[in-house]
Amino acid sequence: MTITLTIDDQEVEVKEDATILEAAKKVGIDIPTLCYHPDLTEFGSCRVCVVENEESGDLLASCVTPVSDGMEISTNSAKARTARRTNLELLLANHPNECLTCDQNGMCELQDAAYNLGVTEVSFSGETTDYEVDDVGPSLKREPSKCILCGRCVRVCEEVQGVSALEFTERGFDSVVTTAFDMPQSEINCANCGQCATVCPTGAITEKSCVSKVWGALENEDKHVIVQTAPSIQATVGEEFGMEEGSIVTEKLAAALDKLGFDKIFSTDFAADLTIMEEGNEFIKRFQGDKHLPHITSCCPGWVKFCEHNYPDLIENLSSAKSPMSMFSAIAKSYYVEEMDLDEDELYVVGVMPCTAKKFEMNRDELIETGSETDAVITTRELVRMIKEVGLDFANLEGREYDDMMGTSTGAANIFGTTGGVAEASLRTVKEKLTGESLGRLNLGFEGINEAEIEIGDETVNVAIANGLSNAAEILDEVREGNSKYDFIEVMACPYGCVGGGGQPVPATDERKQKRGEGLKNMDGAKTIRKSHENPEILKLYDEFLGEPLGGESHHLLHTRYKERERN
Amino acid sequence: MACQCGNEEQNREEFLAPLRELLEDYESKEKYLIPILQDAQEEYGYLPKDVLREISGFLNLSFSQVYGVATFYSQFHLEPRGENIIRVCMGTACHVRGGEKILEKIKDELGIEDGGTTDDLHFTLESVACIGACGLAPVIMVNDDTHGRLTPEQVPEIIEEYK
């Protein structure tokens, strides 16, 4: 049923369960918000979205107030505007005034709100809170003093990820969003996915920056610094330079990295093809031997850590194949070093990742022990800062190709950057290897849990794709109880996959992630080579260096192990 | 030195045994969180970290969620408390009749601040808003006993009773 109300003298017809905020959006009125997030439950804590009910004079939080028939709302009355500004000033009265040096400077929703609402001074002063910064871990940095208690991080961690690493604690003026006993976020069951950082409207949660480490390597003449860019980066980095969401900027990205001074520009997509070769063969072995099924993907480090904490009994179902990033670094530190005649400690490998959890993966003991780790990981946001620091006009850069040897990729690798991509890419290779037939497009959606049945010869492979960790938990509970029909499960910790990763440009919304994902899917469609096992550089790598997939050298360099972690 | 892991594990099990026993009366449902916290505090005198962690596992809640609830309510304590709890009324009637002086005297006697616990875990001192015995002002409670119409001079004697 629909109802009619008036907002700023314009009649608007909306569904009866709409909020005033949604109704206003329909007639082009953008009410400022802070705690509201379109992809999370409503909360109504910040009161920055208040509007006036013209009949009663009441101020209503538009993000949580449902519309009613005949309602007359003013969003811009003096009373509403003053109240919004006052509410924001009250938040600012207990917010450090250090915008110029804040990590979030330039992309802060609180800063934008202050500008948009015309806050020129903060009329209130009083006690302020001062909490310790938590930057102990490799992935995330948390500064509770910058928190405005909007609860977005608490909601995303509970509703989307089912982890609840962060929670409101204490009460009243002492309220603070933190972990149990203020433990460092890196020491609890946090998956490091960084979804909290992508929804935080201030600089209270950001990635732990590696920018200065990377500059240091680039400035060190004794280092040969190579970079790999994850598949999703080419679909998101353009946004920060005024380009359309979902624009594919592969060649401009390579050009920008070249100008930053990297010695070689390579692509993690290349290594994604390598992952498919290993993981595809691993799946075939499991499927034919009916052993440790379902096979569960392991390229997402947030998911792997979640599994280690919460489903340690399913660790043996995880693919032992390293993630594309770690495969790349292992090959760089063996094959590439050999081909280029470099000393082992001369090479420095930087990953540009969509992901805060990759900073954790980089430091995993299993990788460091074998000397095959990535040396530094920066997120898309950190790369953007580096590009801006040197003043590159990214949108107008003349593109260049990625470098040979580890820079060629297929359509299969490109879709690794979005949900369903890993499964589709793997099964393309699996089906062709087993039957010689090509796999049709799976056309899986980006949200929730998706399923597919794939005919391979006389057998059916049941596939499930989980987006977000709470969806993954739903599927894994079935596996644990023995009620699962699936043979192959892909898990991406972040909804929409890496295009929605914790290191991607903010503010993040599903609408934006959808466009990025479609960009990658279109890229795959337009590629001449769309199957990993047809990547000429991969074929050459096996031929000259690795031997067979799952063979001795491949096993040594490209596979890893996992461990049970406490459920703190 | 020989590895103590075995002992540690055993100590932990012994420490948690009373909790495990009281959890037997509950189903693993979120709605029982507060009753469980109350029972656990009754048992241990406060809510130790390991106890909260165990409760979060039992209820399938995150550790942070359980901690969030435990820190929200002033009835829950995360630090060890004294065997005897002294509550000093700071309500209007007690204020007028010198409640503050009583509090000061107790602080001096025990050598702790408001909210503090003595090193021997014998006493915890708390000021409270009103205990509803205005006719006896100024008044304090030690555990469930009420002591009214007090003067600072009477304080040492009362404390002595509980030593």
Side-chain angles (χ1 to χ4, degrees), chain A residues 129 131 134 140 142 144 147 149 151 153-191 193 196 205 305-306 309-312 469-470 473-474 476-477 480-481 564-568, chain B residues 5 8-9 11-13 15-16 19-20 23 28-34 36-38 40-41 44-81 90 113-116 126-129:
Chain A
T129 44
Y131 298 104
D134 170 14
L140 295 159
R142 217 159 41 83
C147 174
L149 301 174
C153 57
V154 174
R155 281 175 284 158
V156 82
C157 199
E158 178 180 1
E159 296 166 11
V160 180
Q161 301 300 49
V163 173
S164 290
L166 295 173
E167 189 52 78
F168 284 100
T169 67
E170 305 289 343
R171 67 175 163 169
F173 187 73
D174 297 326
S175 291
V176 54
V177 170
T178 185
T179 60
F181 292 89
D182 284 324
M183 285 188 282
Q185 209 166 329
S186 53
E187 288 173 21
I188 60 167
N189 64 339
C190 167
C193 71
C196 50
I205 310 178
K305 187 162 183 273
F306 178 81
H309 283 294
N310 302 293
Y311 295 90
L469 294 171
S470 56
E474 201 179 303
L476 294 171
D477 286 340
R480 197 175 247 178
E481 286 158 19
E564 180 168 356
R565 290 175 199 274
E566 254 189 84
R567 197 171 171 274
N568 239 339
Chain B
C5 309
E8 246 174 59
E9 182 57 27
N11 290 344
R12 193 175 169 273
E13 283 309 304
F15 180 69
L16 291 176
L19 174 69
R20 299 241 164 85
L23 287 177
S28 169
K29 287 190 176 156
E30 197 177 333
K31 64 176 179 182
Y32 295 126
L33 175 58
I34 290 176
I36 289 174
L37 290 175
Q38 287 168 328
Q41 181 161 284
Y44 290 89
Y46 73 110
L47 294 169
K49 193 172 175 177
D50 280 345
V51 165
L52 289 181
R53 200 196 317 262
E54 196 68 16
I55 293 172
S56 76
F58 175 75
L59 293 176
N60 214 10
L61 292 169
S62 83
F63 196 14
S64 305
Q65 285 172 319
V66 170
Y67 178 78
V69 172
T71 54
F72 181 85
Y73 294 100
S74 54
Q75 64 171 300
F76 295 124
H77 304 278
L78 273 58
E79 295 292 332
R81 306 191 80 217
M90 294 282 116
E113 287 303 306
D114 185 9
E126 282 174 356
S127 61
V128 295

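Chain A is the first sequence line, chain B the second, and so forth, proteins listed ahead of strands; every chain is numbered from 1. Please read these numbers as outputs of a predicted model, since none were measured by experiment.
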By residue number, those in residues 73-81 of chain B with heavy atoms under 4.5 Å from heavy atoms of chain A are B/Ser74, B/Leu78
B/Phe72 and A/Glu170 have their tightest heavy-atom pair at CD1-O, 3.9 Å
Do the side chain of B/Ser64 and the main chain of A/Thr179 share a donor and acceptor less than 3.5 angstrom apart?
-> no
Atom pair CE (A/Met183) and NZ (B/Lys49), whose distance is rounded to the nearest 0.5 Å | 5.0 Å
Let me have the donor-acceptor pairs involving side chains of residues 158-165 of chain A, under 3.5 Å, with sequence neighbours excluded, atom names and distances please.
| unit_1 | atom_1 | unit_2 | atom_2 | d |
| --- | --- | --- | --- | --- |
| A/Glu159 | OE1 | A/Thr41 | N | 3.1 |
| A/Glu159 | OE2 | A/Thr41 | OG1 | 2.4 |
| A/Gln161 | OE1 | A/Leu469 | N | 2.8 |
| A/Gln161 | NE2 | A/Ala493 | O | 2.8 |
| A/Ser164 | OG | B/Gln65 | NE2 | 3.1 |

How about B/Phe63 and A/Phe181: do any of their side-chain heavy atoms sit closer than 4.5 Å?
-> yes
